[in-house]
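I have placed the structure first, in the form of structure tokens, so that the comments after it can refer back to it.
Keep in mind that what you see is a predicted model, and the values were worked out from it rather than measured. The figures here come from the full heavy-atom set of this structure, side chains too, leaving out hydrogens, waters and symmetry mates. Both ligands and their constituent atoms are indexed starting at 1 by order of listing.
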Amino acid sequence: MADSDRDVDPAPSVCPFCGVGCGIRYDQSSGDARGWKGPVNTRAEVCPKGAAAWDVVDHPDRLTTPLVREGGELVETTWEEAFDRVEREFTEIVSADGPDALSLFASSNCTNEENYVFQKIARLLGTNNVDNCARLCHSSTVAAMHERLGAGAMTNSLDDLGEADAFLVVGANPVENHPVIFRSYLLPALREGTTLIVVDPRETPTARAADRHLAVRPGYDIPLLNAMAATIVSEGRDDGEFCDERVAGVDAFEAFAGGVDVEESAALAGVGSQDLRDAARAYAEADRAAIVTGMGLSQHRCGTANVHALLNLALLTGNVGRRGSGVNPLRGQNNVQGASDVGALPDMLPGSRPVTDGPARAELAGEWGIDAAELPEAPGLTEVEATHAFGESVRGAFVLGENPAVTEPNANRVADALDELDCLVVQDLFVTETAEHADVVLPGSAWAERGGTVTNTDRQVLRMRPNVAPPGDARRDLDVLCEIGSRLTGSPDAFAYDDPAAVFEELTRVTPPYAGMSYDGIGTGSQRWPFPEGAEGGTAVLHESTYANGERRAQLRVVEHVDPVDAVGDDDLVLTTGRVVEHFNSGALTRRSDRLTRMAGPQRLQIHPDDAEARGIAEGDRVIVESERGSVRVGVEVTPAVGRGRVFATFHTAEPLVNTLTGDALDPVAKIPEYKHSAVRVRVDSDFESQ
Ligand SMILES: Nc1nc2c(c(=O)[nH]1)N[C@H]1C(S)=C(S)[C@@H](COP(=O)(O)OP(=O)(O)OC[C@H]3O[C@@H](n4cnc5c(=O)[nH]c(N)nc54)[C@H](O)[C@@H]3O)O[C@H]1N2
Ligand SMILES: Nc1nc2c(c(=O)[nH]1)N[C@H]1C(S)=C(S)[C@@H](COP(=O)(O)OP(=O)(O)OC[C@H]3O[C@@H](n4cnc5c(=O)[nH]c(N)nc54)[C@H](O)[C@@H]3O)O[C@H]1N2
Ligand code: SF4
Ligand SMILES: [Mo]
């Protein structure tokens, strides 16, 4: 399968998909991608996506030359003309409306170095309008954990999770979405007797592996988690010693918990009260219990509050700061953790320090040779807020390695918004659904065509290495961004890096958790943040004697249920969206792999047999699914696994475009969209039947 025109070098690199960070590389004997024994996939194991990763690299649809829009059409052009166009149009926008009229979408699919350079462009231009799609996945988790514990990241390492006596998995489906974590880190513990409790509306493959499955009503995790906390408190199963030493606000929380009606809360959450109590006991009785969490909790208009309610359980039971415990958000893309660590966020400088933090501003300005006063101080727009401002306060956007036309909520609105821009620049591997709206499309580099570092879900910084040169005239993302930065800011010196290692060296100086790391030191292993001197390889378990914010105690928090935004009428069903193992996010990459597409089969709306029957829907029918925002046509799979009153679809396809159905409501703190609760009506597509 190797592209015969390109020389290949099977240097160890990192899988471009999920945040597990498996080591993969080109394998000459098979002409395909293969795992190598990396720091995470220590036996060289990979999942079906990792195994198919080469399909993307030498795919015939790859962009091999820049494109610009002329007379309404995207036409091929030279790099010089493409760069000139970006420079001219963005400079005009900045002169007319100021730097905040630009918005930069960074990429969790790109390296730390690329994201660092990208946010440097924004900030040297004078705007904090830079964000990455961590916004769409764990921004709520990060907000709650950062506030309560001082660090928005997995509290524990994958290695020590296996020591847990119980796993409480809330709103995550690691069997499909973090397969190597499930198989290599969780499953061995389950085989040794660790209890698995899963809270998920659907009977997912993860739920099927569970000892206890609470099929929560979508959007009703707070009553469920509060009732678990109330059970723990009323039965005296909290860890008094830990609460005395490491927790604050215990009395107020216990008073609140005393007032929680477990029966009523369980009914509201759609689960049996006995099942709920048993799950609470199983979690609290375990000597070590680890929470694993994901999108089912985070992607709600009450995402941050959801995570606050979850953190209460860990604090009450003393399951923080010890091996085999903690609160562990499994991160999305291979570098969603790093993109945020290095400052591709509208409110944070590198190192998760607020854009208003005086010492951090001074440090960054010193490194960049500017006056701290030149750095923008007002927090910028988050991704979804930015699309709401397209054509109004935002006139130009640069989208690096993201496909918002498919992945942002309320897709009809997003498509219109993209067209409202004076200038949209997209840097990608393919002419994606987003690139179809662009004025300039820049051909970037795939995973196997770059060097640099990514930070995986358990805070390990890993190195990618090029296996092959980019195809045709495509260029390495970092080289493209440095040229753009140099032209837009008029400071070529600020972007004159010899290689990714030079960028890494700079970023370690201004990103405190990465201080002391080195490119050579990482080698084919990893360095984990925080990385204090003497802690070999970094710190596995956070919050051991003090929390990451230096505090000895973390607060318990009273959290009240928030009703979902969409009211659910009598004939409505609740749509939740999510993932399957074979496809990745917008599907821009995996839909182009024939083997993955074959394995996954066509997109299907899952519907319960009772709900199907009530609507005269049978297996294999095509249906129209309609929300207040729009409608899609899709085939159905009739299955009890989805639960009564609920339907499920993935968002991996452009046709049907499931995000046509989702809404614009945002969590007030983290600005994460409501992807997991939309009221929809479903009916047979009679046009289709009659065809
Ligand atoms: N195969 C594959 N792997 C991936 C990805 C992919 O697209 N495909 N994407 C990567 C990315 S970017 C991310 S962020 C991660 C996400 O990984 P996960 O967090 O596992 O993602 P989801 O499948 O979106 O959602 C998890 C579960 O939440 C459940 N859920 C829905 N609503 C609720 C609710 O109200 N409460 C609760 N408790 N659960 C609910 C869904 O049924 C679903 O099973 O995966 C990463 N890995
Ligand atoms: N309904 C619904 N919608 C969701 C979610 C959900 O659960 N339900 N989940 C949300 C979540 S958690 C996330 S993270 C987002 C993901 O949203 P996106 O980030 O928009 O999705 P991806 O498909 O990962 O987009 C990556 C793009 O980058 C390109 N790309 C990949 N690698 C490279 C590279 O190395 N260089 C360059 N230049 N380009 C590259 C790909 O071709 C693709 O077009 O979707 C969100 N949308
Ligand atoms: S588990 Fe994630 S990182 Fe590992 S091979 Fe699969 S997609 Fe890639
Ligand atoms: Mo994500």
Ligand 2 contact by Cys110, heavy-atom criterion under 4.0 angstrom: yes

Per atom 42 (O) of ligand 2, closest listed option by heavy atom (Leu429, Thr432, Asp428): Asp428

Sub-4.0 Å heavy-atom approach of Leu589 to ligand 2: yes

Glu408 near ligand 2 by a heavy-atom separation under 4.0 Å: no

Show me the side-chain donor-acceptor pairs of residues 459-469 shorter than 3.5 Å, one per line, residues at least two apart or across chains.
{"residue": "Arg459", "atom": "NE", "partner": "Met154", "partner atom": "O", "Å": "2.9"}
{"residue": "Arg459", "atom": "NH1", "partner": "Trp529", "partner atom": "O", "Å": "2.8"}
{"residue": "Arg459", "atom": "NH1", "partner": "Thr539", "partner atom": "O", "Å": "2.8"}
{"residue": "Arg459", "atom": "NH2", "partner": "Met154", "partner atom": "O", "Å": "3.2"}
{"residue": "Arg459", "atom": "NH2", "partner": "Ala540", "partner atom": "O", "Å": "2.8"}
{"residue": "Gln460", "atom": "OE1", "partner": "Ser526", "partner atom": "OG", "Å": "2.7"}
{"residue": "Gln460", "atom": "NE2", "partner": "Asp458", "partner atom": "OD1", "Å": "2.8"}
{"residue": "Gln460", "atom": "NE2", "partner": "Asp458", "partner atom": "OD2", "Å": "3.4"}
{"residue": "Arg463", "atom": "NH1", "partner": "Tyr519", "partner atom": "O", "Å": "2.9"}
{"residue": "Arg465", "atom": "NH1", "partner": "Pro12", "partner atom": "O", "Å": "3.1"}
{"residue": "Arg465", "atom": "NH2", "partner": "Gly523", "partner atom": "O", "Å": "2.8"}
{"residue": "Asn467", "atom": "OD1", "partner": "Tyr26", "partner atom": "N", "Å": "2.6"}
{"residue": "Asn467", "atom": "ND2", "partner": "Asp9", "partner atom": "O", "Å": "3.3"}
{"residue": "Asn467", "atom": "ND2", "partner": "Ala11", "partner atom": "O", "Å": "2.8"}
{"residue": "Asn467", "atom": "ND2", "partner": "Arg465", "partner atom": "O", "Å": "3.2"}

Heavy-atom nearest neighbour of atom 15 (C) of ligand 2 within options Leu136, Asn334, Thr590, Thr650: Leu136

Atom 6 (Fe) of ligand 3: protein N, O or S atoms [distance under 2.8 Å]: Cys47 SG

Ligand 2 N/O within reach of Trp447 N/O, cut-off under 3.5 Å: no

Min heavy-atom dist Val580 to ligand 1 below 4.0 Å: yes

Contact (N/O only, under 3.5 Å) between Gln427 and ligand 2: yes

Charged N-O contact under 4.0 Å between Arg629 and Asp566: yes

His138 heavy atom under 4.0 Å from ligand 1: no

Close approach of Cys133 to ligand 2, heavy atoms, under 4.0 angstrom: yes

Proximity winner for atom 47 (N) of ligand 1, if only heavy atoms of Val169, Leu596, Asn177 are counted: Asn177

Options Glu383, Arg135, Glu402, ranked by nearest heavy atom to atom 19 (O) of ligand 2, top entry: Glu402

Phe105 backbone acceptor or donor facing Asp131 side chain under 3.5 Å: no

Salt bridge (Lys or Arg N to Asp or Glu O under 4.0 Å) between Asp611 and Arg644, intermediate numbers included: CA-CA 7 Å; Asp611 295 320; Arg644 269 187 208 86; over 6 Å; no

Nitrogen or oxygen atoms of Gly401 and ligand 2 under 3.5 Å apart: yes

Minimum non-hydrogen distance to atom 5 (C) of ligand 1, winning option of Met295, Arg579, His178: Arg579

Test of ring centre spacing under 6.0 Å for His561 and Tyr220: yes

Thr590 side chain vs His583 backbone, donor-acceptor pair below 3.5 Å: no

Salt bridge flag under 4.0 Å for residues Lys49 and Glu176: no

Any donor-acceptor pair under 3.5 Å from His300 side chain to Ala305 backbone: no

Taking atom 22 (P) of ligand 2 as the reference point, the nearest protein heavy atom with its distance: Asn585 CB, 3.6 Å

Atoms of ligand 2, numbered as shown, that sit under 4.0 Å from any heavy atom of Gln299: 5 (C), 6 (C), 7 (O), 9 (N), 10 (C), 11 (C), 12 (S)

Protein contact to atom 29 (C) of ligand 1 [nearest heavy atom, distance to 0.1 Å]: Asp200 OD2, 3.2 Å

Sub-4.0 Å heavy-atom contact, His300 with ligand 1: yes

Atom 46 (C) of ligand 1 [closest protein heavy-atom partner, distance rounded to 0.1 Å]: Gly332 O, 3.6 Å

Thr407 and ligand 2 - part of the residue with a heavy-atom distance under 4.0 Å: both

Closest candidate by heavy atom, reference atom 20 (O) of ligand 2, pool Leu657, Val336, Asn659, Asn403: Asn403

Contact atoms of ligand 3, heavy-atom distance to Gly21 under 4.0 Å: 3 (S)

Contact check, Glu449 vs ligand 2, heavy-atom distance below 4.0 Å: no

